[in-house]
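One structure below.
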Amino acid sequence: MPPPKESEDTDKEDSGKTVHSTALVVDASVKAPPSGMEVWRIENFKPVLMDKSSHGKFFTGDSYIILRTTALKGGALWHDIHYWLGKDTSQDEAGTAAIKTVELDAALGGRAIQYREVQGHETSKFLSYFKPCIMPQEGGAASGFKHAEQEEHKTKLFVCRGKHTVHVPFARSSLNHDDIFILDTELKIFQFNGSNSCIQERAKALEVVQYIKDTYHDGKCDIATIEDGRLMADAATGEFWGFLGGFAPLPRKTAMQEVNKSSHSYSARLLSVKKGQVETMEVESLMRELLDTSKCYLLDCGMEVFVWMGKATSLDERKSASKAAEEYVSSPDRPPKCHIVRTMEGFETVNFRSKFDTWPQTASTAAPVKGRGKVAALLKRQGVNVKGLMKAEPVKEEPKPNIDCTGDLQVWRVNGQEKILLSASEQSKFYSGDCYIFQYSYPGEDTEEYLVGTWLGKKSVEEERESAISLATKMVESRKFMATQARIYEGSEPIQFFSILQNFIVFKGGLSDGYKNHIAENQLPDETYEDGKALFRVQGSGPDNMQAIQVEPVAASLNSSYCFILQNVSSVFTWIGGLTRAEDQELLERQLDLIKPNAQFKTQREGIESEAFWKLLGGKAEYASQKIARNTAGDLHLFCCAFVDGKFLLQVTEIYNFDQDDLMTEDIFILDCQSEIYVWVGQQVNSKKRSQALTIAENFLEGDFLLENLSQEAPVYVIMEGSEPRFFTCFFTWDSMHGDSFQRKLAILKHGGTANIDKPKRKVPISHVGRSAVLEKPQRSRSASFSPDRVRVRGRSPAFNALAANFEKPNIRNLSTPPPMVRKLYPKSAAPDPTRLVSKSAAIASLTTSFEKSMPTHRESLIPRSVEASTELAPKPEQSGDGNLKTNKIESIQEDAKEEEAEDEEGLILHPYVRLTTTSTDPVTDIDVAKRETYLSAAEFKEKFGMAKDAFYKLPKWKQSKLKMALHLF
């Protein structure tokens, strides 16, 4: 770049606007916002910064430099520099743009990727900056800004191929069956849809039509769509063919197809650049070791030529290599659409690295953090005070599950080719040697949504893994593919999985026949958990997301960032790591209640353990101190995927700067979040391709097309168009409408405004909490079919019941016919609206005066005090003239309102404790099994729990459960 003194120079545009020149290219780039775009036009061999209102407006006689800066999730900035060359630009201006791009990269520290863009053959990444398209205009700075828009309107024909909108000769021979064409006339714009084009492509072309209408017609012209093959179907079709000299059959294949077909067979060649001269290197295979840091190289890949510049090269050498690349691709035997990509050593693109047979993995930026514990230990041995160095990593914000956590869960364990349904008390206890299938249903936009998934244990056998996936796939098929399918491996569980299970325990060993046969055939020890020696690592973020993982019972399994449970037949220890928080220790107590309820335990703190503790672990040993790293979501990438010619050779195309409109209904797409993979299947994908969705995901993980070191065990979700869950749509600005977006956009374009379509809306806010976040009061099981608006009528006369039933909601199931017993993880409950209760009670009372009798005096003694009773619910009693209070006729109704709010047990038949326990030999029937304690008398309740009922229901939910488990009432 020129020296700073040139920063005072200015150039004048025809509008009189002052724009800064040359030196400010560097300043503007360095001081640019964290993300955004800057555009310069080459004028008189100097880069002139353009106003943002001019971004996307290009002239065929000019050259431009475009800087795109993106802020990555890790906080680093990524720079892409494109220099765009109009078809009429001069060689001198094109050379200036290339040289200034190298200088701009140097100002940014040599980290930018540089692209050469030729008009009509731009890269997909470049076109993604300027949606819906770029339409270069005739003219340029050198022609005195006499642009075409000032002249009389000329009829033009454009072709839309993917993201390209290209001006083609105005002739019938330009048309074909595969693409979409736009004919721009003075009074009307025609869109010709090739018979082989898809709906989403047609919808995207309409955006180009809208752009032309607004830009060149001031929004005032007619729109017509022409369908290929319909001949003279209407007047607009006849008018369209009239402009082209009449109808004639179109060719079946285009020349473009042949060019694309021949461009795939080209072997890469490596060339060195010395003093501006290109020399071919004879090498058997491409290896990273061939690139010398003090030299520049060209890598010729046919339609793409890479310029690699070593870190030790000078700025002049990089300019010389850039110039050599321009001359190299300008030879007559090369296609005009050849791209040049320049990259600096250490910042190579994935596409460049993938051309080499061997390329070393880049170093992880997280290495210094992981090594902090070792450094602290070394310094401590040397007598250095390391206080403050050895401390826990800052707590990262827990990702949101983005799924309603109030749904129903069912879990099956796979045994051979069958699945065994687990009871509610066992469905969150998994074994590492087994495979499981889960089905979770939860409230969606307007219907129930379903998540069907498989959990594959680390020690499970391959036959049962295949069986689990096959059985889960059949469950999805039974729901007409409208359920989301998940494939999850042990150790790589996503937040959604933990959230719907809430408490999750993984035991060693397995229960399935496949696991038992495997260890027997290979003479392996059976590690299946029993009430013997075992060590559990407790982890999680809260009561609604906590896990206990059984690990090897040795000291090396300990970790300062976790709490552990150590047990054998006769003793139980809890171990608290020195880097744990109070929240972690609370989870320890909760998990202990699930694994070893009612057990007496001894607490051990890191650094002051007893000899008995170490003896049970087999002696002391070195152990880790930092939390186990889990894959986190990285920068998002969207790919269109398909198997080539029906073979299992996956072809992927990345979609840059994507949005929802890029999801085409005829194709399959993969959203790569690094930590997990989403496979989106369009509604018009045929059944054969749809059945390959999970295989496509597995091939994608194996191919690792972005060289991200993707785990083969990363969670995979298969999502059908129209049934997208919230944890997928959160990555987009989502419009719930799907399918034929062409007709919807066409209606908007022709008639203006918005389409008159009822658009479903998602429920907001979605609950991301579990039981502990709900009101601290006893929860009813789903079988009770509880509703806060339900009028309690038990104990009333038949006439009263008949009248009160008219005020019940018609869609509420009667208590005498409970629904199937499906586990309700976090039942929805809330205090009833006092206004609604009072109005409802008053209405009933006004109709039932003749039926209301005074209740027995002993009835009040049967009604326990409400946990959250509010005196505001009862209307004030009227006072008679003699000062005595009148009895309000709806008093008894108000009692029902109070008991409904507190969920009391009034009206229930009392039973003795021995018949209410889960271990009873003579159990009571027809009770709410989730509320066994409510059937105890007040005296027996106090005897067993050591407190009255109202005090019990004021306890946190987890403490209630703990006490109930100890008394076999849970």
>> Evaluate Lys689 against Glu666 for salt bridge (Lys or Arg N to Asp or Glu O under 4.0 Å), listing each step before the verdict.
In response: CA-CA 10 Å; Lys689 290 183 178 179; Glu666 297 91 350; over 6 Å; no

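- For the pair Val681 and Phe481, the minimum side-chain heavy-atom distance is 4.5 Å or more.
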> Do Gln547 and Val506 pass the side-chain contact (heavy atoms from CB on, under 4.5 Å) test, and can you show the C-alpha distance, the side-chain angles, and the key distance before you say yes or no?
Replying inline: CA-CA 8 Å; Gln547 304 89 46; Val506 179; over 6 Å; no

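- With Glu708 contributing its side chain and Gln674 its backbone, the two residues share no donor-acceptor pair below 3.5 Å.
- The backbone N or O of Ile495 sits less than 3.5 Å from a side-chain atom of Ser499, completing a donor-acceptor pair.
- For Tyr442 and Tyr440, the ring centers sit closer than 6.0 Å to each other.
- Once rounded to the nearest 0.5 Å, the distance linking CD1 of Ile134 with CD of Glu122 reads 4.0 Å.
- With contacts defined as side-chain heavy-atom distances shorter than 4.5 Å, the pair Asp672/Phe700 qualifies.
- A donor-acceptor pair is defined here as one N or O able to donate and one able to accept, closer than 3.5 Å; such a pair exists between the side chain of Arg487 and the backbone of Ala714.
- The main-chain N or O of Met475 is found under 3.5 Å from a side-chain atom of Ser478 such that the two form a donor-acceptor pair.
- One distance of note links CG of Leu663 with CH2 of Trp734; it measures 5.5 Å at 0.5 Å rounding.
- Considering every non-hydrogen atom in both Ile182 and Ala205, the closest pair reads CD1-O, 3.9 Å.
- When all heavy atoms of Val718 and Ala693 are compared, the pair lying nearest together is CG1-CB, 3.7 Å.
- Between Phe727 and Tyr717, the two ring planes are tilted [angle within 30° to 60°].
- Note that the CG atom of Leu650 and the CD1 atom of Ile670 stand 6.5 Å from one another [nearest 0.5 Å].
- The CG atom of Leu671 sits 10.0 Å away from the NE2 atom of His637 when rounded to the nearest 0.5 Å.
- Ile180 has its side chain within reach of Gln191: a pair of non-hydrogen atoms, C-beta onward, lies under 4.5 Å apart.
- When all heavy atoms are compared, the tightest approach of Ser691 to Lys688 is OG-O, 2.6 Å.
- For the residue pair Ser541 and Asn545, a side-chain donor N or O sits within less than 3.5 Å of a side-chain acceptor on the partner.
- Nearest heavy atom pair, residue Ala472 against residue Ile437, reads N-CD1, 4.0 Å.
- Taking every heavy atom of both residues into account, Gly722 and Gln683 meet most closely at CA-NE2, 4.2 Å.
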Using residues 452-460 as the side-chain source, report each donor-acceptor pair under 3.5 Å to any protein atom, sequence neighbours left out, with the distance given to one decimal.
unit_1: Trp455; atom_1: NE1; unit_2: Glu493; atom_2: OE2; d: 2.9
unit_1: Ser460; atom_1: OG; unit_2: Gly457; atom_2: O; d: 2.7
unit_1: Ser460; atom_1: OG; unit_2: Arg465; atom_2: NE; d: 2.8

>> Quick one, Trp359 with Leu707, criterion side-chain contact (heavy atoms from CB on, under 4.5 Å). Give me CA distance, side-chain angles, the key distance, then yes/no.
In response: CA-CA 10 Å; Trp359 192 278; Leu707 306 181; 6.0 Å; no

>> Could you walk me through whether Thr406 and Asp404 satisfy the side chain to side chain donor-acceptor pair (under 3.5 Å) test, starting with their C-alpha distance in whole Å, then the side-chain angles of each, then the deciding distance to 0.1 Å, before giving a yes or no?
In response: CA-CA 6 Å; Thr406 63; Asp404 192 312; 2.5 Å; yes

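- Checked against the 6.0 Å centroid criterion, the rings of Phe732 and Phe658 qualify as a close aromatic pair.
- At a threshold of 4.5 Å between non-hydrogen side-chain atoms, the residues Met664 and Lys204 count as touching.
- Residues Phe731 and Leu638 fail the side-chain proximity criterion, which asks for heavy atoms closer than 4.5 Å.
- In this structure, the side chain of Asn415 does not engage the main chain of Glu418 through any donor-acceptor pair within 3.5 Å.
- You'll find the side chain of Glu724 stays beyond 4.5 Å of the side chain of Gln660, heavy atoms only.
- Residues Gln485 and Thr473 bring a donor and an acceptor atom of their side chains to less than 3.5 Å of each other.
- Residues Leu706 and Glu654 form a side-chain contact, since some pair of their non-hydrogen atoms from C-beta on lies under 4.5 Å apart.
- Considering only residues two or more places apart in sequence or on other chains, Glu448 meets the side chain to side chain contact (heavy atoms under 4.5 Å, CB included) condition with Ser441, Pro443, Tyr450.
- The structure places SG of Cys435 at 9.0 Å from OH of Tyr489, a figure rounded to the nearest 0.5 Å.
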> How far apart are the C-alpha atoms of Ile113 and Lys125, what are their side-chain angles, what is the distance that settles it, and do they pass the side-chain contact (heavy atoms from CB on, under 4.5 Å) test?
Replying inline: CA-CA 12 Å; Ile113 307 298; Lys125 174 174 280 191; over 6 Å; no

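- Here the side chains of Leu701 and Val716 are in contact, with some heavy-atom distance below 4.5 Å.
- The CZ atom of Phe352 sits 11.0 Å away from the CD atom of Glu304 when rounded to the nearest 0.5 Å.
- A salt bridge does not link Glu426 to Arg413: none of the charged nitrogens lies less than 4.0 Å from a carboxylate oxygen.
- One finds a salt bridge joining Asp662 and Lys131 here, because a Lys/Arg side-chain nitrogen approaches an Asp/Glu carboxylate oxygen to under 4.0 Å.
- Nearest heavy atom pair, residue Val208 against residue Cys160, reads CG2-SG, 4.4 Å.
- In this structure, Phe507 and Tyr431 have tilted ring planes: the angle between them lies in the 30° to 60° band.
- Without hydrogens or angle criteria, Asp228 side chain to Gly194 main chain gives no donor-acceptor distance under 3.5 Å.
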> Could you walk me through whether Gln502 and Ser428 pass the side chain to side chain donor-acceptor pair (under 3.5 Å) check?
Replying inline: CA-CA 8 Å; Gln502 186 178 7; Ser428 60; over 6 Å; no

>> Checking Leu421 against Trp412 for the side-chain contact (heavy atoms from CB on, under 4.5 Å) test, could you report, in this order, the C-alpha distance in whole Å, the side-chain angles of both residues, the deciding distance, and whether it holds?
In response: CA-CA 4 Å; Leu421 180 65; Trp412 295 264; 3.6 Å; yes

